[in-house]
Amino acid sequence: MAETKPTARPLSPHLQIYRPMLTMMMSIIHRLTGVALALGMVLLVWWLSAAAMSDDYFNLVQELFGSWFGKLVMLGFSWALIHHALGGLRHLIWDTGRGFELKTVELMARANLAGSFSLTILLWIVGYGART
Amino acid sequence: MSLRTPLGTVRGLGSAKTGTEHWWMQRVTAIANLPLVGFFLYFIVAHLGAPRSAVVASLANPLVAILLALAMVSMLWHMRLGLQVVIEDYVHGAAAKLALLLFNSFYAAVLGAAVLYAILKMSFGL
């Protein structure tokens with residue numbers, strides 16, 4: 001066999017070559033929200049573990065989570081989770097072999113975005129409203 | 001020419017040593033997550049800023065405790081499978097990849113153990 005030397009071959013065009021499109025951004029956001037949620041999970045496990053420990057410690061953690069920054073993080077976490085769940089629903093539909101027409105793909109992408117924002121707002125209105 | 005039958009080839013599972021389990025479990029946990037995520041988010045928002053006694057009182061209800069435990073297990077399982085794909089896609093050094101894949105598995109296991117302990121402890125009123 002001839003010696004195989006790495007040669008400077010042209011690489012296939014990568015992401016930055018293409019004009020950003022909605023469906024492409026949705027794919028990236030799906031992965032990004034997945035990774036962000038994985039990081040966020042440690043916060044929620046911390047929060048629940050604190051609740052299992054003591055009143056004093058939980059009060060401290062609740063103060064952190066209840067601060068404007070904590071609320072912002074939790075708002076972001078809930079949006080990411082809802083967005084990722086709806087994105088997953090699109091994938092489950094595609095898994096059945098349906099919904100590959102360009103019009104449908106575009107429509108589902110838009111519905112995913114609209115759904116994630118409106119459901120996040122609904123969640124916080126209802127969730128906050130349920131508190132006594 | 002291979003003397004193996006098509007069935008034997010499938011059973012052997014090749015050099016990857018696995019078949020479609022990863023893909024399949026990603027879907028199984030995704031379907032389980034759909035209702036569980038809704039419950040999980042509602043639980044968080046409803047208890048954010050609440051006193052400890054309110055969280056403990058909610059978890060005293062076995063339905064709430066079991067649903068929360070199922071949500072955590074299913075989400076952490078799904079998380080581990082997803083992060084595994086991300087690591088395999090972007091990390092190419094053998095040592096770094098192995099280290100991150102191990103860390104990924106341990107991360108999910110530790111979070112799962114910690115959160116199940118917390119849920120059970122509160123649910124049992126300990």
Side-chain angles (χ1 to χ4, degrees), chain A residues 30-35 37-59 61-67 70-71 73-75 77-82 84-89 91-92 95-96 119-120 122-132, chain B residues 23-24 26-31 33-38 40-56 58-59 68-69 71-72 75-76 78-87 89-90 104 107-108 110-124 126:
Chain A
H30 190 70
R31 182 162 277 205
L32 275 182
T33 49
V35 173
L37 288 166
L39 297 174
M41 280 307 259
V42 77
L43 295 177
L44 289 159
V45 171
W46 177 35
W47 180 68
L48 276 169
S49 299
M53 282 171 77
S54 70
D55 285 323
D56 285 346
Y57 188 59
F58 189 59
N59 285 339
V61 174
Q62 279 286 58
E63 234 169 85
L64 286 173
F65 276 72
S67 68
K71 276 184 187 147
V73 171
M74 292 319 295
L75 186 69
F77 181 89
S78 61
W79 172 78
L81 189 48
I82 291 169
H84 193 84
L86 292 178
L89 199 57
H91 275 280
L92 289 172
D95 286 344
T96 69
L119 281 175
T120 305
L122 187 72
L123 169 78
W124 284 80
I125 290 172
V126 173
Y128 254 64
R131 289 143 59 115
T132 47
Chain B
W23 187 91
W24 182 247
Q26 189 94 56
R27 267 65 189 174
V28 171
T29 51
I31 291 167
N33 279 345
L34 285 174
L36 291 172
V37 154
F40 173 70
L41 280 175
Y42 182 78
F43 182 90
I44 296 169
V45 175
H47 292 94
L48 216 54
R52 197 180 96 88
S53 56
V55 180
V56 174
S58 293
L59 286 171
L68 193 60
M72 294 309 298
M75 283 191 298
L76 289 172
H78 189 83
M79 176 191 90
R80 181 180 161 268
L81 294 174
L83 283 182
Q84 185 191 333
V85 174
V86 173
I87 293 167
D89 278 356
Y90 302 133
N104 179 36
Y107 180 69
V110 168
L111 288 192
V115 82
L116 288 180
Y117 174 80
I119 292 168
L120 289 179
K121 184 170 184 265
M122 284 187 275
S123 187
F124 294 153
L126 298 170

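Order of the sequence lines fixes the chain letters, A, B, ..., with proteins taken first and strands second; residue numbering starts at 1 for each chain. From a predicted model like this one, the values you see are computed outputs, not experimental measurements.
Using a 4.5 Å cut-off between heavy atoms, B:Leu41 contacts chain A through both its backbone and its side chain. Residue contact with chain A, scored on non-hydrogen atoms closer than 4.5 Å, involves the side chain of B:Leu68 exclusively. Of the atoms belonging to B:Phe40, it is side-chain heavy atoms, and not backbone ones, that fall under 4.5 Å from chain A. With a 4.5 Å cut-off on non-hydrogen atoms, B:Val86 touches chain A through its backbone and its side chain both. A:Leu119 does not touch chain B: none of its heavy atoms, backbone or side chain, sits under 4.5 Å away. With a 4.5 Å cut-off on non-hydrogen atoms, B:Leu111 touches chain A through its backbone and its side chain both. In this structure, chain B has a heavy atom under 4.5 Å from the side chain of A:Leu92, while its backbone stays farther away.
Most heavy-atom pairs under 4.5 Å with chain A, from the set B:Val110, B:Val56, B:Asp89, B:Asn33: that is B:Asp89. Ranked by heavy-atom pairs shorter than 4.5 Å toward chain A, the options B:Phe43, B:Tyr117, B:Tyr107 are led by B:Tyr107. Ranking A:Ala85, A:Ala50, A:Ala51, A:Gly66 against chain B, the residue ahead of the rest is A:Ala51, based on heavy-atom pairs under 4.5 Å. With respect to chain B, the highest number of heavy-atom pairs below 4.5 Å among A:Met41, A:Lys71, A:Arg31 belongs to A:Arg31.
Using bins of under 30°, 30° to 60° and over 60° for the plane-to-plane angle, the ring pair A:His84/B:His78 lands in the perpendicular bin.
Looking at heavy atoms from C-beta onward, A:His91 lies in side-chain contact with A:His30 at the 4.5 angstrom threshold.
Nearest heavy atom pair, residue B:Asn104 against residue B:Arg80, reads ND2-O, 3.0 Å.
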field: Evaluation steps, side-chain contact (heavy atoms from CB on, under 4.5 Å), between A:Trp124 and A:Met74
entry: CA-CA 10 Å; A:Trp124 284 80; A:Met74 292 319 295; 3.9 Å; yes

task: Applying side-chain contact (heavy atoms from CB on, under 4.5 Å), run through A:Val42 and A:Trp47 and close with a yes or a no.
output: CA-CA 9 Å; A:Val42 77; A:Trp47 180 68; over 6 Å; no

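A donor-acceptor pair under 3.5 Å is absent between the side-chain atoms of A:Glu63 and the main chain of B:Gly49, judged by distance alone. Of the possible polar contacts, none joining the A:Ser49 side chain to the B:Ala118 backbone as a donor-acceptor pair under 3.5 Å is found.
From B:Met79, atom CE reaches atom CD of B:Gln84 across 12.0 Å, with rounding to the nearest 0.5 Å.
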